[in-house]
K.L.:
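My structure is below; once you've seen it, I'll send some questions.
A note on names: the letters A, B, ... follow the listed sequences, proteins ahead of strands, and every chain is numbered from 1.
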Amino acid sequence: MELFANTEIVIGKDELAEKVAKGEKLRVKFGVDPTRPDLTFGHMVVFNKLKQFQDAGHEAILLIGDYTARIGDPSGRSELRPELTENEVNQNASTYLEQAFRILDKSKTTVRRNSEWFSKMSFADSLNLTRKMTVARMLERDDFKNRFDSNQPISMVEFMYPLIQGYDSVILNSDIEIGGSDQLFNMLVGRTLQKDMGMNPQGVLTMPLLVGLDGTRKMSKSYDNYIAFNDSAKNIFGKTMSVSDEAMSEFYRLLLNLTDLELGELKNQHPMDVKKKLAFELTAKFFDEVTAQKELDEFSSVFSKGRLPEDMPSFSVTKLNLEKSSVLNILAATDLFQSKGEIRRLILQGAVKLNGTRVEDPECIMTPNDASSDQIIKAGKKIFIRITE
RNA sequence: GGUAGGGUAUCCAAGUGGCUAAAGGAUGCGGACUGUAAAUCCGCCCGCUUCGUGCGUUCGUCGGUUCGAAUCCGACCCCUACCA
């Protein structure tokens, strides 16, 4: 079935298929913890799947783990997450929603927050919940096992996390929960808890994890190897172009829902063209085709042909009002660099060009061009600056 | 509570008195090449800098020994294992 395409593991597939065949409307749960302000393309993999269910007429339930965010999900973690304040969590939660609706259909999405029920729960109730899980089962879990084996700390509160997430499923009475493959354990706990309460246990569907821009680790905010929903068109395009050739097909498959057949066809084309197409599609998804085409042209022009970008920050020498208008001082005054030391290093490494000629001496004085055109400084691959009178 | 091991830069991880701003990875940045902000190769990578054999800060924290400490001593904080 189409709904199970590109998935990794589906548990309870037969029951789900049966319900769907009977025309039942499934309650599909997906939970996100608002721990940071940005959603990444890693999340998009699951959002896409949720959207697919939504389009097929099922109920998409987006659970904002505003309560859980304060605890920290141990999934894929090697250490305890820092605690967040209620305020931070709330702010993140609202930007999450805004971002999520770039994929999901807002009018058809049910949004719930788990603070609705957890903030009212008593300690005795929580303790009762812990009764449902054994230490041995917790330690079966990879994240915990690895940390335990390598003598890393695991806090009690992290042990609670899967139960909390599972309890959400009880409250929401979900028919299926979807998430990244690192969520398998947590989602299974939901299934167990529902069963325990005499409910119909939810199906569990995991999506593969998207690899990050470094090409090795999973895409994650903590590794800073991500593309964010909120990135500019330029960055979505550019960052996508920095994905390695190997990882590219996963991006197509998981972010644009391509089938194996379609992927096979792409293999015959030039990798760079394929990647440009990918970057174009993703940019268009978040903006529009016109913007995407603009970024594509710009990229080809700037990086393939070495031309100047259309927009670049502009600085006036007279306004900067420097004692000595050397390249070093001018660049330092733009605030685009961390320090003069960094600028010197860049110049030393041959990264800085003035009007296309490599700058060798940091102290080289910039003389105003005889009235004619502005001067352009390029520093590294991505920084272009226009200098005017 | 007892015993043993551990806390090093963004991350992982060497280093047991001076030659240590501290090996080696990874990430990141830059250059070359090109097919892209891919791949590969090379370089840089604590911060600042008037670029000077310059200044400042670091090896859990605080104090001590010493001409000199990440390295030795003391106290404290934190992590882990085993025993209870």
Side-chain angles (χ1 to χ4, degrees), chain A residues 41 76-82 139 144-156 158 211-227 231-252 266-283 292 295-307 309 322-324 326-329 331-333 335-353 357-364 377-384:
Chain A
F41 278 27
R77 276 255 134 184
S78 53
E79 57 190 272
L80 192 60
R81 279 181 199 268
L139 284 174
F144 288 139
K145 190 175 183 326
N146 291 341
R147 279 163 68 179
F148 194 71
D149 288 349
S150 61
N151 296 352
Q152 298 284 312
I154 302 170
S155 84
M156 294 297 284
E158 291 179 277
V211 72
L213 297 179
D214 54 43
T216 47
R217 296 177 294 185
K218 73 162 182 169
M219 184 175 284
S220 154
K221 284 168 274 192
S222 24
Y223 297 139
D224 197 25
N225 61 355
Y226 66 99
I227 308 176
D231 272 337
S232 65
K234 189 188 199 62
N235 274 334
I236 289 181
F237 197 98
K239 284 183 182 181
T240 304
M241 288 307 287
S242 80
V243 168
S244 72
D245 288 2
E246 290 72 49
M248 185 167 56
S249 64
E250 280 299 280
F251 276 64
Y252 264 109
L266 289 176
K267 290 243 162 69
N268 302 324
Q269 298 173 32
H270 193 296
M272 187 183 66
D273 294 332
V274 177
K275 203 178 291 175
K276 278 183 176 171
K277 186 171 178 321
L278 174 69
F280 174 88
E281 296 288 347
L282 290 175
T283 310
E295 291 305 333
L296 173 62
D297 294 342
E298 177 93 346
F299 188 91
S300 308
S301 155
V302 173
F303 295 107
S304 306
K305 295 179 187 139
R307 298 206 188 111
L322 301 164
E323 275 181 36
K324 184 183 169 196
S326 64
V327 170
L328 176 72
N329 284 346
L331 289 181
D335 268 349
L336 291 170
F337 304 89
Q338 211 186 340
S339 64
K340 285 193 175 182
E342 190 198 352
I343 298 170
R344 271 176 201 280
R345 197 166 62 240
L346 285 171
I347 292 175
L348 204 70
Q349 296 192 119
V352 177
K353 284 183 180 173
T357 321
R358 185 174 285 182
V359 175
E360 309 277 351
D361 177 14
E363 301 303 332
C364 119
I377 301 181
K378 180 185 182 197
K381 288 175 203 154
K382 291 175 253 176
I383 302 178
F384 292 84

K.L.:
I'd like the P distance from B:rG68 over to B:rA21, given in whole Å.
P.N.:
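Approximately 16 Å lies between the P atom of B:rA21 and that of B:rG68.
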K.L.:
Would you kindly give the CG-to-P distance between A:D297 and B:rU36, to the nearest whole Å?
P.N.:
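Whole-Å distance recorded here is 15 Å.
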K.L.:
Scan every strand shown for a Watson-Crick or G-U wobble partner of B:rU80, both distances under 3.5 Å, and answer none if you come up empty.
P.N.:
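Partner of B:rU80: B:rA4.
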K.L.:
State which residue, out of A:V352, A:V359, A:I383, fulfils the side chain to side chain contact (heavy atoms under 4.5 Å, CB included) condition with A:L331.
P.N.:
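Looking at A:V352, A:V359, A:I383, the match for A:L331 under the side chain to side chain contact (heavy atoms under 4.5 Å, CB included) is A:V352.
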K.L.:
Say you draw a straight line from NZ of A:K275 to CG of A:L266; how long is it, rounded to the nearest 0.5 Å?
P.N.:
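One finds 13.0 Å between NZ of A:K275 and CG of A:L266.
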K.L.:
Side chains of A:F337 and A:R345: closer than 4.5 Å at any heavy-atom pair?
P.N.:
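No, side chains not in contact.
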K.L.:
Taking the minimum atom-to-atom distance to the side chain of A:Q338, which one of B:rC48, B:rU36, B:rG30 wins?
P.N.:
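Of B:rC48, B:rU36, B:rG30, B:rC48 is nearest to the side chain of A:Q338.
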K.L.:
Whole-Å distance between B:rU36 P and A:E295 CD?
P.N.:
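After rounding, the reported distance stands at 17 Å.
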K.L.:
Taking the side chain as every heavy atom from C-beta outward, state whether A:K267 and A:V274 have any atom pair closer than 4.5 Å.
P.N.:
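Not touching, per the 4.5 Å side-chain cut-off.
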K.L.:
Would you give the length of the straight line joining atom OG1 of A:T240 to atom CD1 of A:I227, rounded to the nearest 0.5 angstrom?
P.N.:
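One gets 3.5 Å once the value is rounded to the nearest 0.5 Å.
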K.L.:
Give A:E342 one of three labels, base, sugar-phosphate or nothing, depending on what nucleic acid heavy atoms sit under 4.0 Å from its own.
P.N.:
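Touches nothing.
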K.L.:
Should the side chain of A:Q349 and the base of B:rG31 be counted as holding a donor-acceptor pair, with the cut-off at 3.5 Å?
P.N.:
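Absent.
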K.L.:
B:rA9 and B:rC46: how far apart are their P atoms, nearest whole angstrom?
P.N.:
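So the two P atoms sit 13 Å from each other.
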K.L.:
What is the distance from CG of A:L213 to P of B:rA38, rounded to the nearest Å?
P.N.:
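A:L213 atom CG is separated from B:rA38 atom P by 11 Å.
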K.L.:
Once you apply the 3.5 Å cut-off to both distances, tell me the Watson-Crick or G-U wobble partner of B:rG30, or none.
P.N.:
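In the structure as shown, B:rG30 has B:rC42 as its Watson-Crick or wobble partner.
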K.L.:
Does the structure show a Watson-Crick or G-U wobble partner for B:rG47, both distances under 3.5 Å? Name it, or say none.
P.N.:
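B:rG47 is paired, partner B:rC55.
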K.L.:
Would you say A:S244 places a side-chain N or O within less than 4.0 Å of OP1 or OP2 belonging to B:rA39?
P.N.:
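It does not, given that no N or O in the side chain of A:S244 lies less than 4.0 Å from OP1 or OP2 of B:rA39.
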K.L.:
Base of B:rG60 relative to its sugar, syn (within 90° of 0) or anti?
P.N.:
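That one's anti.
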K.L.:
Counting Watson-Crick and G-U wobble pairs only, both distances under 3.5 Å, name the nucleotide matched with B:rA37, or none.
P.N.:
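Result: none.
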K.L.:
Please measure how far the P atom in B:rU57 lies from the corresponding atom in B:rG6, and state the result in whole Å.
P.N.:
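It works out to 30 Å between them.
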K.L.:
Between A:K221 (side chain) and A:Y226 (backbone), is there a donor-acceptor pair under 3.5 Å?
P.N.:
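No: the side chain of A:K221 does not pair with the backbone of A:Y226.
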K.L.:
Please report, rounded to the nearest Å, how far the P atom of B:rU36 is from the CE atom of A:M241.
P.N.:
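Going from CE in A:M241 over to P in B:rU36 covers 8 Å.
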K.L.:
Is it true that a side-chain atom of A:Y223 and a backbone atom of A:K218 form a donor plus acceptor pair closer than 3.5 Å?
P.N.:
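No, because the side chain of A:Y223 does not come within donor-acceptor range (under 3.5 Å) of the backbone of A:K218.
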K.L.:
Of the candidate nucleotides B:rG35, B:rC48, B:rA37, which contains the atom at the shortest distance from the side chain of A:F303?
P.N.:
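From the listed options, B:rA37 comes nearest.
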K.L.:
Write down the distance separating the P atoms in B:rC67 and B:rG1, rounded off to the nearest Å.
P.N.:
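The same atom, P, in both gives a distance of 39 Å.
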K.L.:
Look at the side chain of A:L346 and decide which nucleotide, out of B:rG43, B:rC29, B:rU36, has an atom nearest to it.
P.N.:
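Out of B:rG43, B:rC29, B:rU36, the nucleotide with an atom closest to A:L346's side chain is B:rC29.
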K.L.:
For atom C1', what is the distance between B:rU58 and B:rA70, given to the nearest Å?
P.N.:
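Going atom to atom, C1' in each nucleotide, I get 10 Å.
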K.L.:
If you compare every side-chain N and O of A:K276 against the phosphate oxygens of B:rG35 (OP1, OP2), does one of them come in below 4.0 Å?
P.N.:
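No, no such contact exists.
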K.L.:
For A:K340 and B:rU50, is the shortest distance between a side-chain N/O and OP1 or OP2 below 4.0 Å?
P.N.:
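It does, given that an N or O in the side chain of A:K340 lies less than 4.0 Å from OP1 or OP2 of B:rU50.
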K.L.:
Between A:S339 and A:I154, just flag the one whose closest nucleotide in RNA chain B comes earlier from the 5' side.
P.N.:
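Residue closer to the 5' terminus by nearest nucleotide: A:S339.
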K.L.:
Does A:G238 reach a base, just sugar-phosphate, or nothing at all? Heavy atoms under 4.0 Å.
P.N.:
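Counting heavy atoms under 4.0 Å across all strands, the contact made by A:G238 includes a base.
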K.L.:
Applying a 3.5 Å limit to both distances, which nucleotide forms a Watson-Crick or G-U wobble pair with B:rG63?
P.N.:
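Across all strands, the one nucleotide that pairs with B:rG63 is B:rC73.
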K.L.:
With a 4.5 Å heavy-atom cut-off, do A:K382 and A:F303 have their side chains touching?
P.N.:
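Answer yes - side chains close enough.
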K.L.:
When you compare B:rG47 with B:rC41, how far apart are their C1' atoms, in angstrom units rounded to a whole number?
P.N.:
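It works out to 30 Å between them.
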K.L.:
Base, sugar-phosphate, or nothing: which does A:F237 touch, judged by heavy atoms less than 4.0 Å apart?
P.N.:
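If one applies the 4.0 Å heavy-atom cut-off, A:F237 turns out to touch nothing in the nucleic acid.
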K.L.:
Work out how far the P atom of B:rG24 is from that of B:rA14, and round it to whole angstrom.
P.N.:
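So the two P atoms sit 15 Å from each other.
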K.L.:
Can you check the A:L282 CG to B:rU36 P distance for me, whole Å?
P.N.:
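My rounded result for the distance is 19 Å.
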K.L.:
If you check the A:P271 side chain, which of B:rG30, B:rU36, B:rC51 turns out closest?
P.N.:
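Shortest atom-to-atom distance from the side chain points to B:rU36.
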K.L.:
Starting at the 5' end of RNA chain B and moving along, which residue's nearest nucleotide shows up first, A:K305 or A:V352?
P.N.:
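Looking at RNA chain B, the more 5' nearest nucleotide goes with A:V352.
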K.L.:
When you get a sec, tell me which of B:rG31, B:rU36, B:rC29 is the closest nucleotide to the side chain of A:K381?
P.N.:
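The listed nucleotide nearest to A:K381's side chain is B:rG31.
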K.L.:
Does a nitrogen or oxygen in the side chain of A:R358 sit under 4.0 Å from OP1 or OP2 of B:rA32?
P.N.:
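So the side chain of A:R358 is within the cut-off, an N or O lying under 4.0 Å from OP1 or OP2 of B:rA32.
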K.L.:
May I have the distance from A:K234 (atom NZ) to B:rU36 (atom C1'), rounded to whole angstrom?
P.N.:
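So the NZ-C1' distance, A:K234 to B:rU36, works out to 14 Å.
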K.L.:
When we call it a touch if two heavy atoms are under 4.0 Å apart, what does A:K275 touch: a base, just sugar-phosphate, or nothing?
P.N.:
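Here A:K275 touches the bases of the nucleic acid.
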K.L.:
Ignoring hydrogens and angles, are the base of B:rC29 and the side chain of A:R345 linked by a donor-acceptor pair under 3.5 Å?
P.N.:
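No, no donor-acceptor pair under 3.5 Å.
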K.L.:
Determine the contact category for A:K324: base if any of its heavy atoms lies under 4.0 Å from a base atom, sugar-phosphate if only primed atoms, P, OP1 or OP2 are that close, otherwise nothing.
P.N.:
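The answer is nothing, as A:K324 stays clear of every strand by at least 4.0 Å.
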K.L.:
Over how many whole Å does the gap from A:I227 atom CD1 to B:rA38 atom P extend?
P.N.:
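Between P of B:rA38 and CD1 of A:I227: 13 Å.
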K.L.:
Does B:rC11 have a Watson-Crick or wobble partner in any strand here, with both distances under 3.5 angstrom, and which is it?
P.N.:
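Pairing partner, where one exists within any strand: B:rG25.
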K.L.:
Rounding to an integer number of angstrom, what distance separates B:rA32 and B:rA39 when you compare their C1' atoms?
P.N.:
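Roughly 14 Å separates the two C1' atoms.
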K.L.:
Would you say the side chains of A:K340 and A:N329 form a donor-acceptor pair under 3.5 Å?
P.N.:
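Short answer, yes.
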K.L.:
Give the rounded distance in Å between these two atoms: CG of A:D245 and P of B:rA37.
P.N.:
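From A:D245 CG to B:rA37 P: 12 Å.
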K.L.:
Should A:S242 be listed as having a side-chain N or O under 4.0 Å from OP1 or OP2 of B:rA38?
P.N.:
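For B:rA38, neither OP1 nor OP2 has a side-chain N or O of A:S242 closer than 4.0 Å.
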